[in-house]
Each structure stands twice: as C-alpha cells, then as structure tokens.
Number of protein chains: 2
Amino acid sequence: MHTTLDELFSALSDNTRRKILIMLLEDDMAVTDVADPFDMSLPAISKHLSILSNAGLITQEKRGRVNWCKLEPDGLRDASVWMLGFGQFDIVDIESLEKLIETHIDLTQAN
Amino acid sequence: MHTTLDELFSALSDNTRRKILIMLLEDDMAVTDVADPFDMSLPAISKHLSILSNAGLITQEKRGRVNWCKLEPDGLRDASVWMLGFGQFDIVDIESLEKLIETHIDLTQAN
DNA sequence: TCCATATTTAACCATATGGTTAAATATGGA
DNA sequence: TCCATATTTAACCATATGGTTAAATATGGA
C-alpha cells in the first residue's frame, strides 16, 4: 500500500487518532470498542479509522458484523525514515537509542 | 517553546514545508531565498514559515530587512520520541540504526 | 529625502477537516 | 421471519488550511 508522507503525518496530527493507535498497540479491536472511551459519535470514530487505514497505519478486517481494527506495524516506517534521513540525528540522544536497541535485541532473543 | 504533537505532525504534513526544512539543513536562509525555488507567492511561503516557527521546527531572526530562517535542531524531538515510544521499534531496522549511530559517533569524534 | 528591497498583514476564496444526526446496510440469532 | 447489533453512508455545518493579490511596514542606501 503506497501512501504519501502527507497522508501519514496528517493522520498522526490528530490526538484522537494517536490515542487510537496506542489502544491498538494492546490488541486488535472492534470499531465499537475503539469508540467506547471517546466522547464522540461512532461515525466520527469510523471516519478516523478510515483515515488511519488510508494512511496505512491500520488495517481493517470484517468478520461477520464486526470490523476488526489492527495496527499495521510498518505503517510508521516511511515517516520515521524521513525523520531519521532528515539528518538531525540528535532527535533522540544516542544513549536512549542504544538502550532501545538493547531492549529490542533482548526481546528478539526472548522469542 | 512548548508545542503540541498536533502542531508538529501537522507542520510536517505539507510537502512544501518538508522541502523547506531540508533546504534549511544546508544553511540559514532569508525568506526570499526560501521562496525562490517554489512556484508560489512570497506571502504563501511566509505563512508556511510561521507554521514551522510555531511548531518549533525553525526559528527566525530579523537582522535589518532580512528575516533569517534557521532550522531548530530539537524541533523534531517530540515527534520522534512519540514514534519511538510508540513501541513499534522495527520502524527502522536495527542494522541501519546502528549504522546511523556509528556515523553519528564518527561525526562527534571528528569535532 | 526618496526609492528599492524584504517581508508581513489584510481581505478574500475554494477546499479540507472534524464533528453532528438520521438513515441505510449487513449480519447474527431467537 | 424479525428484531438487535455493528457499522457505514449521507447530508449537513463550522472552522481550518493553503493559496491568491493588494496594501502596509520597515530598513538600506544613493
């Protein structure tokens, strides 16, 4: 799925959508369940979800009546590649990056 | 300068603005010079620049008639912290990250 | 002093965005 | 078959966004 950086960053520029992404980090969710914590109508959430889909940040799979929303792990890739490729590598200090890498390696080896 | 993630991602969601940031990676520039490569009016560029300022991605310093635009190195920090903290660490594969870190360390030691 | 240069501000416009409510659609289950 | 549940679509609305041109502002320099 080819999406533009415009779509990606724009999808990320809304706090509701960022919260949804974080919720989906836990587990796949039905649209109704995604909507639950928000003080907002179901159609509004439905629209946010299609924006996230179009940006490649989630996928949706309809099983029966339920449309399951699933985080798309590679969705952020283009955005982060842009940011890293941007060259301002100090965006995160080296130390915490190395810590993250170690964590990642640990997790990998735990599998 | 406290800016929201909304402002940050939203500022990054426009290709003109991303191009401007990359231009400023080279060197500080006057507003007129920033505008030059774009097929767009000066006021339009001026607006883009204030959006980038408000998002904390650049700073502007007026010297004489000229308003110098300068990349704000830490501007991307909050956005990238969000993306990394998001947990999907595979956004960039470990290998290229390590390569980047090495490059960075080389550059640091070259100073 | 007066013109040129650099930039922003004002007023405007078309389209996008993020929300609403009401209606439509599709599936599940008694 | 018929109602309930899950979700989307349609129509609408207010405000934001990204552009325009014309005018205003401020500084530099002859």
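For the numbers below, each heavy atom of this structure counts, side chains included, while hydrogens, waters and symmetry mates do not.
- Residue A:L71 forms a side-chain contact (heavy atoms from CB on, under 4.5 Å) with just one option from A:I20, A:L25, A:L76, and that option is A:L25.
- Closest contact between the side chain of B:T16 and the listed nucleotides D:dG19, D:dT21, C:dG19 involves D:dG19.
- The distance from atom CG of A:D14 to atom C1' of D:dT15 is 14 Å, rounded to the nearest whole Å.
- Taking 4.0 angstrom as the limit, B:R17 places a side-chain polar atom (N or O) nearer than this to OP1 or OP2 of D:dG18.
- Listed nucleotides C:dA4, D:dT9, D:dG19 differ in distance to A:P43; the shortest reach to its side chain belongs to D:dT9.
- At a threshold of 4.5 Å between non-hydrogen side-chain atoms, the residues A:C69 and A:V31 count as touching.
- Looking at heavy-atom distances under 4.0 Å, A:R63 makes no contact with the nucleic acid at all.
- Residue B:V31 places its side chain closer to C:dT8 than to any other of C:dT20, D:dT20, C:dT8.
- Protein atom CZ of A:F38 is 12 Å distant from nucleotide atom P of C:dT20, rounded to whole Å.
- In the hydrophobic clustering of this structure, A:L49 groups with A:F38; members are Ile, Leu, Val, Met, Phe, Trp, Tyr whose side-chain heavy atoms approach within less than 4.5 Å, directly or through other members.
- Looking only at side-chain heavy atoms (C-beta outward), B:L24 and B:K70 stay at 4.5 Å or farther from each other.
- One can place CZ of B:R65 at 6 Å from P of C:dA6, the figure rounded to the nearest angstrom.
- Whole-Å rounding puts the B:D39 CG to D:dG19 P distance at 11 Å.
- In the hydrophobic cluster analysis, where Ile, Leu, Val, Met, Phe, Trp and Tyr join through side-chain heavy atoms closer than 4.5 angstrom, A:V66 is grouped apart from A:L42.
- We find that CG of A:L42 is positioned 18 Å from P of C:dA24, with the value rounded to whole Å.
- Nearest-nucleotide positions on DNA chain C place B:A30 closer to the 5' end than the other of A:M40 and B:A30.
- Positionally, the nearest nucleotide of DNA chain C for A:S10 lies more toward the 5' end than for the other of A:S10 and A:G64.
- Rounded to an integer number of Å, the gap from CG of A:N67 to C1' of D:dT5 is 14 Å.
- Summarising the base pairing, D:dT8 is matched to C:dA23 through a Watson-Crick or G-U wobble pair whose two defining distances lie under 3.5 Å.
- The pairing partner recorded for C:dC2 is D:dG29, the criterion being a Watson-Crick or G-U wobble arrangement whose two distances lie under 3.5 angstrom.
- Comparing atom distances between the A:Q60 side chain and each of D:dG28, D:dT8, C:dA26 picks out D:dT8 as nearest.
- Using a 4.5 Å heavy-atom threshold, the side chains of A:R63 and A:W68 count as touching.
- In this structure, the NZ atom of A:K62 is 11 Å from the C1' atom of D:dT9, given to the nearest Å.
- Side-chain N/O atoms of B:S46 include one lying less than 4.0 angstrom from OP1 or OP2 on C:dT8.
- Taking a pair to require two hydrogen-bonding distances under 3.5 Å in either a Watson-Crick or a G-U wobble arrangement, D:dG18 pairs with C:dC13.
- In this structure, B:L49 places its CG atom 15 Å from P of C:dA6, rounding to the nearest Å.
- The shortest distance between the side-chain N/O atoms of A:S41 and the OP1/OP2 oxygens of C:dT20 is below 4.0 Å.
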